Amino acid sequence: ACPSVRLSPQLHRRGFRCLHGVDGSAGMLERARSTGLYRQLWRCVLGQEPLPAPAEHYDAVTVVGALGEGQVPSGAMPELLRVTRPGGFLCLTTRSNPSNLWYKAELEAALERLERQGAWQKVLAREVERWERATSEEESTQGTGYISGVVYVYRKCPVPPLKEG
């Protein structure tokens with residue numbers, strides 16, 4: 001959903017050519033436009049307005065660097081699900097630094113609630129110790145100069161049951 005300056009080139013190198021992006025910042029959209037990787041870019045404040053895409057449109061939706069306090073609210077998850085096709089994937093990330101722990105707990109509660117409701121299945125939740133450089137020593141994970149983060153991958157239901165054995 002949100003343009004990612006670091007992720008999009010990696011996706012493009014792996015053969016993903018139909019990338020769309022949204023962001024609430026005109027500056028970030030211009031930066032994304034300058035990469036030449038996106039087919040479409042829209043200005044949209046996720047959580048305050050609907051995404052400019054039809055229901056069940058995307059095979060995969062990513063939100064990188066925008067799930068945090070004062071950014072995309074945890075209540076925006078159903079909108080991300082709306083634009084993902086059944087069986088499609090949602091890759092979400094958030095920080096684990098001290099100033100984001102309240103938001104992270106709220107986000108995880110929303111993720112679990114949607115899983116209990118059968119909206120999606122968790123594929124992965126992985127902690128990443130050196131997620132990004134810390135902006136202050138207070139935010140640094142154990143004095144490393146970095147903050148940790150989490151990558152979540154979900155698959156939208158209905159999905160075919162996994163075959164055992």
Side-chain angles (χ1 to χ4, degrees), residues 1-12 14-33 35-96 100-128 131-132 149-163:
C2 298
S4 172
V5 177
R6 286 179 255 161
L7 178 62
S8 298
Q10 293 176 33
L11 290 171
H12 199 264
R14 287 174 173 81
F16 295 91
R17 297 289 188 264
C18 187
L19 301 177
H20 295 177
V22 300
D23 200 287
S25 162
M28 284 303 294
L29 289 173
E30 191 50 45
R31 190 170 172 193
R33 189 172 285 107
T35 68
L37 299 175
Y38 292 90
R39 287 200 183 169
Q40 294 187 20
L41 290 164
W42 297 282
R43 190 161 183 190
C44 174
V45 180
L46 190 55
Q48 294 180 17
E49 54 192 318
L51 288 167
E56 300 182 354
H57 187 69
Y58 295 109
D59 293 327
V61 171
T62 64
V63 181
V64 178
L67 294 177
E69 186 64 37
Q71 296 175 307
V72 175
S74 61
M77 297 307 107
E79 182 61 9
L80 298 174
L81 272 162
R82 180 187 70 79
V83 300
T84 307
R85 71 167 176 80
F89 292 91
L90 295 97
C91 178
L92 315 169
T93 68
T94 196
R95 296 168 202 83
S96 298
N100 199 54
L101 291 179
W102 181 87
Y103 176 89
K104 182 180 174 236
E106 181 183 87
L107 175 65
E108 288 179 345
L111 301 177
E112 290 169 14
R113 198 166 35 254
L114 287 165
E115 188 171 20
R116 280 193 313 272
Q117 293 169 0
W120 58 19
Q121 293 176 335
K122 186 185 328 183
V123 175
L124 172 81
R126 179 172 294 152
E127 289 278 343
V128 179
W131 181 254
E132 65 185 16
V150 186
V151 176
Y152 308 95
V153 177
Y154 285 86
R155 190 162 188 201
K156 183 176 176 177
C157 295
V159 297
L162 296 174
K163 294 183 179 175

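Keep in mind the model is a prediction, meaning the values are calculated, not measured.
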Any sub-3.5 Å donor-acceptor pair from Arg95's side-chain atoms to Glu132's backbone N or O? no
Could you check if a side-chain atom of Leu111 sits within less than 4.5 angstrom of a side-chain atom of Leu92, using non-hydrogen atoms only? yes
Pair Lys122 + Glu108: basic N to acidic O under 4.0 Å: no
Side-chain heavy-atom pair Leu81, Val61 within 4.5 angstrom cut-off: no
Spatial distance of atom NE2 (His20) from atom OH (Tyr58) [nearest 0.5 Å]: 5.0 Å
Closest contact, heavy atoms only, Ser96 versus Leu101: O-CD2, 3.4 Å
Taking the side chain as C-beta and beyond, is there a heavy-atom pair between Val22 and Leu46 under 4.5 Å? no
List the atom pairs, with distances to 0.1 Å, where a side-chain N or O of residues 67-76 and a protein N or O form a donor-acceptor pair under 3.5 Å, not counting sequence neighbours.
residue : atom : partner : partner atom : Å
Ser74   : OG   : Glu106  : OE1          : 3.1

Atom OG1 in Thr84, atom CG in Leu51: separation rounded to 0.5 Å? 9.0 Å
Working to the nearest 0.5 Å, report the span between CD of Glu30 and CZ of Arg43. 12.0 Å
So, taking the atom named CE in Met77 and the one named CG in Leu114, what distance separates them when rounded to the nearest 0.5 Å? 8.5 Å
Between CD of Gln117 and SG of Cys157, what distance do you get to the nearest 0.5 Å? 11.5 Å
Please walk me through it: do Val63 and Leu90 pass side chain to side chain contact (heavy atoms under 4.5 Å, CB included)? CA-CA 8 Å; Val63 181; Leu90 295 97; over 6 Å; no
Taking the side chain as everything from C-beta on, heavy atoms only, tell me whether Val150 gets closer than 4.5 Å to Trp131. no
With sequence neighbours excluded, tell me which residues meet side chain to side chain contact (heavy atoms under 4.5 Å, CB included) with Arg126. Leu124
Tell me the closest heavy-atom pair linking Gly87 and Arg155, and the distance in Å. O-NE, 2.8 Å
Take Gln121 and Tyr154 through the test side chain to side chain contact (heavy atoms under 4.5 Å, CB included) and record every step on the way to the result. CA-CA 5 Å; Gln121 293 176 335; Tyr154 285 86; 6.0 Å; no
Phe89 side, atom CZ; Thr62 side, atom OG1 - distance, nearest 0.5 Å: 14.0 Å
With Tyr152, which residues qualify under ring pair (Phe, Tyr, Trp, His ring centres under 6.0 Å), at least two apart? none
